[in-house]
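Just so it is clear, the model here is predicted, and its values are computed rather than measured.
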Amino acid sequence: MRVKCAVLSVALGALLLVSFAPRGGALAAPAAPLPTIPASGPTTPQPDQRTGEVIVKFRQSTTLGDVATALGDAHSEATRSTAGSGLVLVTPRPGQKDDDVIASLRARNDVLFAEPNHIVSIAATPTDPLYASYQWSLPQIGLPAAWDTSTGSASVIVAVVDTGVDASHPDLAGKITSGANAGYNFVSNNTNTTDDHFHGTFVASIVAMNTNNGQGGAGVCWACKIMPVKVLDNTGSGSTFNVAQGVDWAVSHGAKVINLSLGSSSPDSGLQTSVDNAWNAGVVVVAASGNSNGPVLYPAAYANVIAVGSNNQAGVRSSFSNFGPELDVMAPGEGVFGADCLCNGHTGYYATGSGTSFASPHVAGVVGLMISAGITDKNQIRSRLTSTATDMDVPGFDNNTGWGRINAAAAIAGPYAVNWGTNTLPSTITTSATAAVTVSFTNAGTATWNAGGANPVRFAYHWRNGACAGASSAIFDGVRTLLPADVAPSGVVTNLNALITAPAAAGTYCLQYDLVKEGVTWFSWQGASMQSATVTATPPYAVTWGANTLPSTITASATAAVTVSFTNAGTATWNAGGANPVRFAYHWRNGACAGASSAIFDGVRTLLPADVAPGGGVANLNASIVAPAAVGTYCLQYDLVKEGVTWFSWQGAAMQSATVTVN
């Protein structure tokens, strides 16, 4: 399928002019406007434009012998393969049609899919002299404030899967990866990633143009590195397989972000497999939505891609920008500034251009800034981009503009961030009990916390299994506590009275204080810190037994005197009288203790001499036990009971046991 460049204005019916700053000479803002390059971004390609090859994916269990048999039966030969997504490029033998090869392969159980290989095509305040005059797009998305937090990191690599990059451009000098992280040319199958079209250079410059170097403009993530992965030729064309190879290469060679300023009107299982593999590996994939004022194109329409539309300098959706439910965010893409290359008839240093191809790298660059600032989880990155975006149409999501225009400063700071006060977290708590706590915290984010309405912000908490150093997944989300009033950014909540309810099961847990915007997000999902403490949940009725003597033999139906000692290891006081006193008792169970069956009766109770507070003990309590009437082998179990409430053993408390012969 043809992936149209997010910049080609033939898709719009007319070329959009771009001014160029010539190579050589002064680089101050020119007297005349910069040249305009053709509008770039995926337009709607003609359907079913093919290379004549076939892309096939075999099941993982398929042997090489079975692959050879399948290709032989299909009268075809394997020519190339991708490592990451496991795709095989197949060429039909002379006289054989690709549709016949596809039909033969699809008939096999060991083939996951077979499809045509479609044709794709390109769809801190800087001191640089052209920044103020031409780069309106960067302040519009909050970059000067974002740069106060991060200008990127050389360890964060953004792969530009495109037409290559002009590494000789002065504003891209030193920006290109090398060594183990070097890019690759999948058009010529070599390491020459030089741009012979212009598109990849323009895209790369938006992401990471050198900044504060006395010339040109500023890159979004100016300290990030660019990995040029050439998958499109000097006409801006390539194939689905090339793009899939490029994505796989970027993932396996250290890219943290992949920009795909290309698109197609039809889905491809092979390209989707590569994109999904990238996303699942933690690599954020960003793609242009398309330039035909129609549905979002592929790969932007895939679930594991951040789909980007274009807006103009007035902050309004560009008339050419594609739309639909798959659209995530908008970014400047109309009349934006970038670097041009000495290639394909281009002779300038810089230019302005339009298209979703140029909106997409704005987002890819912001993602690079977020990763550099320590926000590395792909889902959190996507959530922050969408939740902090500036509404452009109706509030919230809409098909025309997604969640709105990206806001780099807010995405890095986060709308939902909190600084906790010096709150006291309990170290022990009674199972299933509700405890009162007092908490204080400050709104460290960019959004006001509303105390009421449809999506209020509330204090809440999580219990996680185990100590905090290695706690596993949350077992439940706690009771919410309303805020006393709306809290603006930098506002403080002092001594909020809240309740926490303990887990029902005894054990060690990690208690985590959190905030939640109901129906929207937990603050911790946005990267906000939580206050945590390891807490022991203790049942109210627990006992530690002394070194008591249990009989080994007893006469049937006889009453025997025993003396027992034990300590209150729970959190509740044992009352010796009243409506529900605690008493010593016992069980007889059939058979030896190792495999005893159900209890045959509960024994005679013995009153406690006095109330026993937690930590208190009972020493040498004189009690009686009555033997079963039938002779045999039994398990005698000492237990305590809170009359009318529970046996202590039902709460997980230990019992003392002995195998006893009744004769």
Side-chain angles (χ1 to χ4, degrees), residues 1-8 11 40-49 55 85 113 115-123 161-162 231-232 238-244 246-247 257-280 283-311 317-318 320-331 333 355-364 367 378-379 381-383 385-386 389 397-404 406:
M1 61 198 61
R2 183 161 291 273
V3 180
K4 292 291 184 185
C5 155
V7 162
L8 290 181
S40 194
T43 57
T44 302
Q46 296 299 314
D48 213 29
Q49 292 183 330
I55 300 173
S85 52
F113 60 79
E115 62 190 10
N117 187 23
H118 289 95
I119 296 172
V120 299
S121 52
I122 53 177
V161 180
D162 212 290
V231 298
L232 307 175
S239 71
T240 301
F241 190 81
N242 280 2
V243 178
V247 170
V257 189
I258 296 174
N259 185 83
L260 298 172
S261 288
L262 41 77
S264 165
S265 59
S266 300
D268 278 285
S269 299
L271 182 52
Q272 183 175 6
T273 299
S274 291
V275 164
D276 290 345
N277 285 347
W279 188 264
N280 293 334
V283 179
V284 179
V285 184
V286 183
S289 67
N291 286 353
S292 57
N293 190 31
V296 175
L297 301 183
Y298 298 92
Y302 293 134
N304 288 332
V305 176
I306 296 173
V308 185
S310 169
N311 65 260
R317 170 183 168 269
S318 299
F320 54 78
S321 186
N322 286 13
F323 55 87
E326 304 87 358
L327 185 64
D328 290 299
V329 291
M330 307 291 282
T356 57
S357 266
F358 302 153
S360 181
H362 282 86
V363 176
V367 172
K378 60 185 184 294
N379 295 308
I381 287 170
R382 176 176 228 149
S383 177
L385 286 172
T386 57
F397 179 84
D398 63 84
N399 284 346
N400 284 330
T401 61
W403 291 96
I406 57 167

Asks: Measuring from atom CH2 of W403 to atom OG of S383, what distance do you get when rounded to the nearest 0.5 angstrom?
Replies: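 One gets 9.0 Å once the value is rounded to the nearest 0.5 Å.
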Asks: Could you tell me the separation between the CG atom of L327 and the OG atom of S321, rounded to the nearest 0.5 Å?
Replies: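 Here the interatomic distance stands at 6.5 Å.
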Asks: Using modelled atom types only, decide if a donor and an acceptor are shared between the side chain of N291 and the backbone of G355 within a distance under 3.5 Å.
Replies: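 It does not hold such a pair.
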Asks: Determine whether Y302 and V285 make a side-chain contact, defined as any pair of heavy atoms from C-beta on separated by less than 4.5 Å.
Replies: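 Contact flag for Y302/V285 side chains = no.
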Asks: Hey, could you give me the CG/CD1 distance between L385 and I406, rounded to the nearest 0.5 Å?
Replies: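 CD1 of I406 is found 7.0 Å from CG of L385.
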Asks: Less than 4.5 Å apart, any side-chain heavy atom of N399 and any of P325?
Replies: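 N399 reaches P325 side chain to side chain.
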Asks: Could I get the full list of ring pair (Phe, Tyr, Trp, His ring centres under 6.0 Å) partners for W279, not counting sequence neighbours?
Replies: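 So W279 forms no ring pair (Phe, Tyr, Trp, His ring centres under 6.0 Å) with any residue.
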Asks: Could you give the distance from OG (S318) to CE (M330), rounded to the nearest 0.5 Å?
Replies: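 CE of M330 is found 6.5 Å from OG of S318.
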Asks: Using side-chain heavy atoms (C-beta onward) and a distance below 4.5 Å, is F323 in contact with T401?
Replies: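 SC-SC contact between F323 and T401 ruled out.
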Asks: In the structure I gave you, are the side-chain heavy atoms of Q272 and T240 within less than 4.5 Å of one another anywhere?
Replies: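 A side-chain contact is absent here, since even the closest heavy-atom pair is not under 4.5 Å.
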Asks: Are S289 and V308 side-chain neighbours, meaning at least one heavy-atom pair lies under 4.5 Å?
Replies: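 In short, these two side chains do not touch, never coming nearer than 4.5 Å.
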Asks: Determine whether V247 and L260 make a side-chain contact, defined as any pair of heavy atoms from C-beta on separated by less than 4.5 Å.
Replies: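 SC-SC contact between V247 and L260 confirmed.
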Asks: Would a distance-only check, ignoring hydrogens and angles, find a side-chain to backbone donor-acceptor pair under 3.5 Å from T356 to G290?
Replies: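 The answer is yes, because a donor-acceptor pair under 3.5 Å joins these two groups.
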